[in-house]
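Below is one structure, written out as structure tokens, with a few remarks after it.
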Amino acid sequence: SYAYAYCMFQIDDRSVVNVSFDWKSYGNYARAFIVPASADPSFTWSNRISDSDTPDGWLSVCGGLVGSNIWMHHSQDVELSNAGNYYFVFFWKNDSSVGSNPPAAIDNINIVKITCPLIANLSVTDITNESATISWRELGSAQTWNIVVSTTELEQDALNVSENIITVTDSTYYLTGLSPSTDYYVYVRAFCSNDDQSLWKTIFFSTRQNPVILPYTCDFEDATENGNWGILNGNQVNKWYIGTAENNGGENGLYISNNG
């Protein structure tokens, strides 16, 4: 069997809202959705809702809420593409299995319009040994954005006071002057006003290697040349290393090891 609890709310334009609530669920799973009032006001899609599936036209606010007999907090931003009326819906499925109290409980619901939302679809393309293109999608009304490019990870507070903030007025930006074979973190935020900016969103990428000119010789004795080698080991126990454990002349070589 299925049960719903729902409340209608209204937005007057395209928006991003933050939905938050406290929950317990120690029986069968519960779900939360935002549903356009025109999509299915009779809630007849019960047989298509699982702990991960979402009916057409519905917006999932969370996955299955289950497995906690203490209060937990959930918060998520949801993009609403059109003005109008929406239902905020809690769904609960009873599959007749044995469970423990409480089957599901909800409290302290908040739905708030975000005035300067996070950007979406941040991506990096056209990566070369010295350049890359970043782009994103604006979810609010910002017409200006800030960018920080770094070779290290940075916290939100450090980004806010960075001396390397780049201000742009287009949602595509061409990065130049990068170093080859280098890891980069790019951070972007919407700048809505001096008093209202979004959080920073980040993407990671690595620049390409500099192509070598033939004839090419490498004996792994030059640190600069060693830095031109890309090493992609994943989660393997045995990995490629450049070091002193094995060599055929000189001090260094390239070899497989489980400890370097």
Side-chain angles (χ1 to χ4, degrees), residues 77 116-139 142-191 194 197-260:
D77 293 347
C116 195
L118 274 169
I119 58 149
N121 304 123
L122 179 60
S123 64
V124 57
T125 57
D126 302 326
I127 301 170
T128 73
N129 59 332
E130 59 183 18
S131 65
T133 299
I134 57 170
S135 60
W136 58 90
R137 183 165 66 93
E138 171 61 30
L139 295 181
Q143 297 182 349
T144 302
W145 300 271
N146 295 146
I147 300 170
V148 173
V149 182
S150 174
T151 55
T152 59
E153 289 188 85
L154 300 174
E155 300 294 335
Q156 293 280 331
D157 289 345
L159 288 163
N160 292 337
V161 297
S162 172
E163 297 181 354
N164 300 313
I165 292 177
I166 304 166
T167 299
V168 301
T169 56
D170 192 286
S171 57
T172 298
Y173 185 72
Y174 185 55
L175 298 171
T176 59
L178 306 179
S179 299
S181 301
T182 302
D183 296 336
Y184 284 96
Y185 299 85
V186 177
Y187 302 86
V188 182
R189 73 175 179 184
F191 187 92
N194 288 332
Q197 302 93 40
S198 74
L199 295 175
W200 294 88
K201 199 160 193 176
T202 182
I203 192 167
F204 170 86
F205 71 96
S206 299
T207 49
R208 309 298 187 208
Q209 298 175 332
N210 272 332
V212 298
I213 305 300
L214 301 182
Y216 175 68
T217 301
C218 178
D219 58 8
F220 300 104
E221 302 302 323
D222 183 277
T224 300
E225 177 58 31
N226 292 349
N228 290 329
W229 280 80
I231 303 293
L232 186 62
N233 285 316
N235 295 319
Q236 302 296 324
V237 173
N238 298 313
K239 302 178 181 182
W240 284 109
Y241 290 92
I242 297 174
T244 59
E246 290 289 343
N247 60 75
N248 187 24
E251 295 183 358
N252 297 312
L254 174 69
Y255 52 86
I256 291 288
S257 172
N258 64 2
N259 60 12

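Starting from 1, each residue takes its place in the sequence as its number.
Listed by chain and number, the residues in a side-chain contact (heavy atoms from CB on, under 4.5 Å) with Leu199 are Leu118, Gln156 (sequence neighbours excluded). With sequence neighbours left out, the ring pair (Phe, Tyr, Trp, His ring centres under 6.0 Å) criterion links Trp200 to no other residue. By the salt bridge (charged side-chain N to carboxylate O under 4.0 Å, His left out) test, Arg208 is found to be paired with no residue, residues two or more places apart in sequence or in another chain being considered. With sequence neighbours excluded, no residue forms a side-chain hydrogen bond (donor to acceptor under 3.5 Å, both in side chains) with Thr169. Not counting sequence neighbours, the partners of Trp229 by the ring pair (Phe, Tyr, Trp, His ring centres under 6.0 Å) test are Phe220. For Asn259, the side-chain hydrogen bond (donor to acceptor under 3.5 Å, both in side chains) partners two or more places apart in sequence, or in a different chain, are Ser257. By the side-chain hydrogen bond (donor to acceptor under 3.5 Å, both in side chains) test, Asn233 is found to be paired with no residue, residues two or more places apart in sequence or in another chain being considered. Applying the side-chain hydrogen bond (donor to acceptor under 3.5 Å, both in side chains) criterion to Thr182, with sequence neighbours excluded, gives no partner residue.
When the shell of 6.0 Å around CG of Leu232 is examined, it contains 12 or fewer heavy atoms from other residues, nucleotides or ligands. For Ile213, the CD1 atom is loosely surrounded, since the number of other residues' heavy atoms within 6.0 Å does not exceed 12. Taking a 6.0 Å sphere around CD of Glu221, one finds it holds more than 12 heavy atoms contributed by other residues, nucleotides or ligands.
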Under the criterion side-chain contact (heavy atoms from CB on, under 4.5 Å), I'd like the reasoning laid out for Val148 against Leu154: C-alpha separation, chi angles, the key distance, then a yes or no. CA-CA 10 Å; Val148 173; Leu154 300 174; 4.1 Å; yes
Using the rule given for side-chain contact (heavy atoms from CB on, under 4.5 Å), can you reason through Val186 versus Thr202, listing the C-alpha separation, both sets of side-chain angles and the distance that settles it, and then say yes or no? CA-CA 5 Å; Val186 177; Thr202 182; 6.0 Å; no
Assess whether side-chain contact (heavy atoms from CB on, under 4.5 Å) is satisfied between Val124 and Thr133, documenting all intermediate values. CA-CA 6 Å; Val124 57; Thr133 299; over 6 Å; no
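Annotation for Ile134 and Leu175: closest pair CG2-CD1, 4.1 Å, computed over non-hydrogen atoms. Scanning both residues, Ser123 and Ile203, for their nearest heavy atoms gives CA-CD1, 3.5 Å. Scanning both residues, Gly243 and Tyr255, for their nearest heavy atoms gives CA-OH, 3.3 Å. Closest of all the heavy-atom pairs between Ser198 and Pro117 is CB-O, 3.3 Å. The shortest non-hydrogen separation linking Ala132 to Leu178 is N-CD1, 4.2 Å. Contact detail for Ile127 and Ser206: the closest heavy-atom pair is CG2-O, 3.5 Å.
With Thr207 contributing its side chain and Ser181 its backbone, the two residues share a donor-acceptor pair below 3.5 Å. With hydrogens and angles ignored, the 3.5 Å screen pairs a side-chain donor or acceptor of Lys201 with a backbone N or O of Ile119.
Here the straight-line distance linking atom CG of Asn210 with atom CG of Asn228 works out to 6.0 Å at 0.5 Å rounding. One distance of note links CD of Glu225 with OG1 of Thr217; it measures 9.5 Å at 0.5 Å rounding. The distance from atom OG of Ser135 to atom CG of Asn121, rounded to the nearest 0.5 Å, is 8.5 Å. Note that CG of Asn146 is 10.0 Å distant from CG of Leu159, once rounded to the nearest 0.5 Å. Put simply, OG1 on Thr144 and CD on Gln197 are 11.0 Å apart, with the number rounded to the nearest 0.5 Å.
Applying the salt bridge (Lys or Arg N to Asp or Glu O under 4.0 Å) test to pairs two or more places apart or on separate chains, those with a residue in residues 127-137 are Glu79-Arg137. The list of salt bridge (Lys or Arg N to Asp or Glu O under 4.0 Å) pairs with a residue in residues 155-182, not counting sequence neighbours, is empty. Under the side-chain hydrogen bond (donor to acceptor under 3.5 Å, both in side chains) criterion, no residue pair touches residues 234-252, with sequence neighbours excluded. Counting only residues at least two apart or in different chains, ring-ring contact (aromatic ring centres under 6.0 Å, His included) contacts with residues 159-186 comprise Tyr184-Phe205, Tyr185-Phe204.
Between Glu138 and Trp145, the closest side-chain pair of non-hydrogen atoms falls below 4.5 Å.
Between the side chains of Thr176 and Ser131, no donor-acceptor pair of N or O atoms lies under 3.5 Å.
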